[in-house]
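One structure is given below, encoded as structure tokens.
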Amino acid sequence: MTTRTVRVRFAPSPTGGLHLGGVRTALFNYLFAKKHKGTFVLRIEDTDQTRFVAGAEQYILDCLDWCGILPDEGPHVEGKFSPYRQSERKASYRKYANQLVASGFAYYAFDTPEELGKMREAFKSESNPSPQYNSKVRMQMKNSLSLDKEIVNELIDKNTPYVIRIKMPNNEEVKLNDLIRGEVVFNTDQVDDKVLLKADGMPTYHLAVVVDDHEMEITHAFRGEEWLPSSPVHVLLWDYLGWKDSMPDWAHLPLILKPDGQGKLSKRDGDRLGFPVFAMDWMDPKTGELTKGFKEMGFLPEAFINMLALLGWNDGSGEEIFDKETLAERFTIDRIHKGGAKFDFEKAKWFNQEWIKKSTSEKLLPYVVHQLTKLTIELDEEKLLPIITLVKDRCQLLNDFVPQIIYFFKDPETIDTASIQTKWDENKSIFFNDWISNLEELTSWDAMSIETHFKEKATASGIKTGELQLPFRIMLVGAKFGPTVFEIAAIIGKESTIRRINHVLKMLQQ
RNA sequence: GGCCCGUUGGUCAAUCGGUUAAGACGCCUCCCUUUCACGGAGGAAUGAGGGGUUCGAUUCCCCUACGGGCUACCA
């Protein structure tokens with residue numbers, strides 16, 4: 001089985017924003033495929049017509065594209081295994097569902113939702129709060145196992161809605177060799193007769209995942225741990241359909257948990273704690289509600305996938321900053337954790353900061369320009385490159401570039417005079433007035449010359465240069481942050497420097 | 001309730017029977033810098049509990065506790 005060419009799939013449901021856990025699943029698929037020179041497939045699991053959301057499929061593609069992990073096959077690249085949307089593969093599922101009925105592994109069930117509800121009510125007890133449709137009750141329900149053949153035929157002839165359910169065997173052990181967890185054993189009595197084909201003719205996940213993984217020749221199936229309890233159904237189906245020998249190896253990924261409390265991370269947690277959960281901004285077409293994404297929050301895609309890869313996996317080296325290629329080289333399933341990991345937004349930001357520091361200013365330029373275009377300022381892109389070099393160590397998110405850069409192009413709007421006022425005196429006022437009126441002495445306007453000149457004058461005036469640098473910074477930047485003042489002065493130019501000094505000098509006189 | 005999975009500092013985590021139990025994030029102290037960062041040097045902080053197995057258990061087994069997942073004609 002493992003000698004087959006690796007084919008993996010990411011199979012999201014197009015129902016809304018792409019959750020970080022989904023991206024991680026996609027990423028692990030991608031890395032595994034790259035490592036083994038295999039194929040990464042995107043399959044759209046849109047079998048629930050009631051949950052269809054317009055634009056969600058394109059959005060998923062956009063997210064994967066942004067992350068740089070676009071699949072080799074999928075609805076965006078038609079190929080040998082087209083179509084890749086389950087809604088377009090309907091015929092196939094019905095065929096296999098019928099085959100299962102014919103071979104006695106599945107049956108028709110005519111119970112209405114109301115009847116199902118009644119059954120659950122009737123069998124509900126303290127010791128069994130959620131009764132299942134299983135071997136214990138199925139003979140009391142309306143299905144092709146409990147009903148006479150003629151009645152079944154009659155019901156079908158009269159177009160009575162029905163579903164097809166798998167007939168779970170009695171008291172059998174189903175073993176699954178999970179690549180992450182090892183052997184997991186289930187007793188078939190514990191799992192119910194899952195619906196395989198719904199009344200609307202669409203398959204449920206259980207049937208679709210098996211049929212498609214088979215037809216698309218998937219060799220390794222990654223999915224979240226929440227699927228583990230239903231995996232015996234899938235294993236049985238692979239067997240019943242006669243495909244047992246080509247069943248993919250399963251790998252159930254640990255969940256990504258809330259930072260506080262417990263449970264898996266949800267969109268609500270992000271809203272509540274102020275961080276994104278989706279890869280990119282998601283606008284719900286029905287409600288118009290916008291949910292923030294990592295991209296728009298100022299993350300570099302490299303940092304985002306780097307962070308995700310290290311959530312539940314590590315290569316044991318202690319290194320943490322990896323590019324996509326290195327990740328693909330080092331990725332192995334046996335180093336994926338079993339336990340869930342709580343998401344830590346602080347650490348996520350740290351990854352982004354590392355990637356910003358690591359990136360060249362040229363690479364950062366388009367991102368920064370994008371941030372800056374949100375502002376209405378005159379941009380001189382030529383000037384931008386050296387500025388980025390100067391400030392990038394101070395940015396954790398791409399959005400941080402805005403406050404770090406804006407004062408290079410625009411006089412500060414607010415001046416933090418409070419932090420210099422207490423130590424301000426007439427001598428300092430005189431110094432700055434003298435200094436700006438003597439600036440023509442400066443033949444070249446560069447950081448070094450400005451600094452030298454500034455310090456000479458300071459020494460001459462008898463004031464420690466250190467005591468003058470903070471006021472100078474406040475004058476140019478408006479607050480206590482940013483690179484060396486002299487670099488700032490050099491870039492904004494002599495005129496702006498003088499104008500900003502005069503402006504603050506006036507404020508201080510009042 | 002039942003079934004399944006899991007459990008090393010606040011968080012991510014290394015260790016694959018013998019270590020002073022790595023490293024990272026965050027936090028704290030100091031240095032650099034009279035800004036903010038970056039960088040550097042330190043610090044506090046961890047094996048859920050109980051039984052075994054073993055000369056020796058964080059590591060292997062069992063029980064308990066705790067956490068999570070599933071228990072839909074949703075995925």
Side-chain angles (χ1 to χ4, degrees), chain A residues 11-15 45-48 50-51 109 111-113 116 120 124-133 161-165 176 178 180-181 184-187 189-192 194-200 202-206 208-209 223-232 252 254-255 257 259-264 307 310-321 334-335 337-351 353-354 357 391-396 400 404 416 419 423 464-470 472-474 477 479-485:
Chain A
S13 216
T15 52
E45 309 231 333
D46 55 350
T47 55
D48 187 352
T50 65
R51 294 213 304 162
D111 317 275
T112 63
L116 288 174
R120 292 199 179 98
K124 199 170 171 177
S125 69
E126 190 121 320
S127 62
N128 184 16
S130 44
Q132 298 188 313
Y133 198 121
Y162 66 84
V163 300
I164 291 179
R165 288 182 180 270
L176 170 75
D178 188 86
I180 297 172
R181 286 150 219 285
V184 185
V185 185
F186 302 87
N187 186 294
D189 285 347
Q190 301 302 149
V191 354
D192 59 341
K194 291 255 182 275
V195 170
L196 264 20
L197 199 75
K198 301 187 264 189
D200 65 359
M202 280 292 210
T204 58
Y205 172 83
H206 308 296
V209 72
R223 57 169 26 164
E225 192 187 349
E226 69 267 28
W227 289 110
L228 207 44
S230 59
S231 62
H252 289 93
L255 267 18
L257 279 9
D260 58 349
Q262 54 263 281
K264 46 180 178 177
M307 174 274 288
L310 274 284
L311 209 53
W313 174 87
N314 73 83
D315 75 339
S317 69
E319 296 169 62
E320 294 187 283
I321 302 301
D334 61 308
R335 291 202 64 93
H337 263 251
K338 293 183 176 73
K342 287 186 184 171
F343 178 67
D344 181 359
F345 190 52
E346 289 306 315
K347 184 88 185 225
K349 284 194 288 189
W350 174 80
F351 273 105
Q353 182 177 26
E354 288 300 305
K357 284 191 298 187
V391 306
K392 66 178 189 161
D393 279 355
R394 281 157 248 262
C395 298
Q396 250 190 330
D400 294 337
Q404 289 289 349
D416 175 21
S419 60
K423 287 188 173 180
K464 283 190 212 158
T465 59
E467 289 192 23
L468 293 163
Q469 278 186 57
L470 183 62
F472 191 20
R473 166 176 304 281
I474 298 292
V477 181
K480 290 202 280 186
F481 67 88
T484 320
V485 250

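Residue numbers start from 1 in every chain, and the chains themselves are labelled A, B, ... in the order their sequence lines are given, proteins ahead of strands. These numbers come from the heavy atoms of this one structure, side chains and all, not from hydrogens, waters or symmetry mates. Not measured: the values here are computed from a predicted model.
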Taking the side chain of [X] as heavy atoms from C-beta outward, which of [options] is closest to it?
X: A/Gln132; options: B/C73, B/U71, B/C25; answer: B/U71
X: A/Thr204; options: B/C74, B/A13, B/C3; answer: B/C74
X: A/Leu116; options: B/C36, B/C74, B/C73; answer: B/C73
X: A/Gln190; options: B/C3, B/A75, B/G39; answer: B/C3

In whole angstroms, how far is the [atom2] atom of [N] from the [atom1] atom of [X]?
X: A/Gln469; N: B/C36; atom1: CD; atom2: C1'; value: 13 Å
X: A/Phe343; N: B/G10; atom1: CZ; atom2: P; value: 20 Å
X: A/Glu226; N: B/G69; atom1: CD; atom2: P; value: 10 Å
X: A/Lys338; N: B/A14; atom1: NZ; atom2: P; value: 10 Å
X: A/Phe186; N: B/G69; atom1: CZ; atom2: P; value: 16 Å
X: A/Lys342; N: B/G9; atom1: NZ; atom2: P; value: 10 Å
X: A/His337; N: B/U8; atom1: NE2; atom2: C1'; value: 10 Å
X: A/Glu319; N: B/C25; atom1: CD; atom2: P; value: 14 Å

Give a yes/no answer on whether the side chain of [X] brings an N or O atom under 4.0 Å of OP1 or OP2 in [N].
X: A/Lys198; N: B/A75; value: yes
X: A/Arg165; N: B/C73; value: yes
X: A/Asn314; N: B/C12; value: no

*Between A/Arg181 and A/Pro254, is any pair of side-chain heavy atoms under 4.5 Å apart?*
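Of all side-chain heavy-atom pairs linking A/Pro254 with A/Arg181, at least one is under 4.5 Å.
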Heavy atoms only, 4.0 Å cut-off, all strands: where does [X] land among base, sugar-phosphate and nothing?
X: A/Pro113; value: base
X: A/Glu467; value: base
X: A/Ala341; value: sugar-phosphate
X: A/Gly263; value: sugar-phosphate
X: A/Arg181; value: sugar-phosphate
X: A/Val209; value: nothing
X: A/Gln353; value: sugar-phosphate

*State plainly whether the residues A/Arg51 and A/Asp48 are in salt-bridge range, i.e. N to O under 4.0 Å.*
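A/Asp48 and A/Arg51: salt-bridged.
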Could you check whether any side-chain N or O of [X] sits under 3.5 Å from a backbone N or O of [Y], counting only pairs where one atom can act as donor and the other as acceptor?
X: A/Ser13; Y: A/Thr15; answer: no
X: A/Arg120; Y: A/Ser130; answer: no
X: A/Arg335; Y: A/Trp313; answer: no

*asked:* Any N or O donor-acceptor pair under 3.5 Å from the base of B/C36 to the side chain of A/Arg394?
replied: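 For A/Arg394, whose side chain was compared with the base of B/C36, there is a donor-acceptor pair (under 3.5 Å).
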*For A/Trp350, side-chain hydrogen bond (donor to acceptor under 3.5 Å, both in side chains) partners two or more places apart*: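 Checked A/Trp350 against side-chain hydrogen bond (donor to acceptor under 3.5 Å, both in side chains); matches are A/Glu354.
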*Paired stretches of RNA chain B - 3 or more consecutive Watson-Crick or G-U pairs, each distance under 3.5 Å*: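 The stems are B:1-7 with B:65-71, B:10-12 with B:23-25, B:27-31 with B:39-43, B:48-52 with B:60-64.
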_Could you measure the distance from the CZ atom of A/Arg165 to the NZ atom of A/Lys194? Nearest 0.5 Å is fine._
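It is 9.0 Å, given to the nearest 0.5 Å.
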*Qualifying residues under ring-ring contact (aromatic ring centres under 6.0 Å, His included), relative to A/Tyr205, sequence neighbours excluded*: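 Result, ring-ring contact (aromatic ring centres under 6.0 Å, His included) vs A/Tyr205: A/Trp227, A/His234.
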*asked:* Judged by each residue's nearest nucleotide on RNA chain B, which is more toward the 5′ side, A/Asp393 or A/Lys347?
replied: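 The residue whose closest nucleotide sits nearer the 5' end is A/Lys347.
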*asked:* Quick check: on RNA chain B, is the nucleotide nearest A/Lys480 upstream (toward 5') of the one nearest A/Val163, or the reverse? Name the residue that is more 5'.
replied: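 Nearest nucleotide further toward 5': that of A/Lys480.
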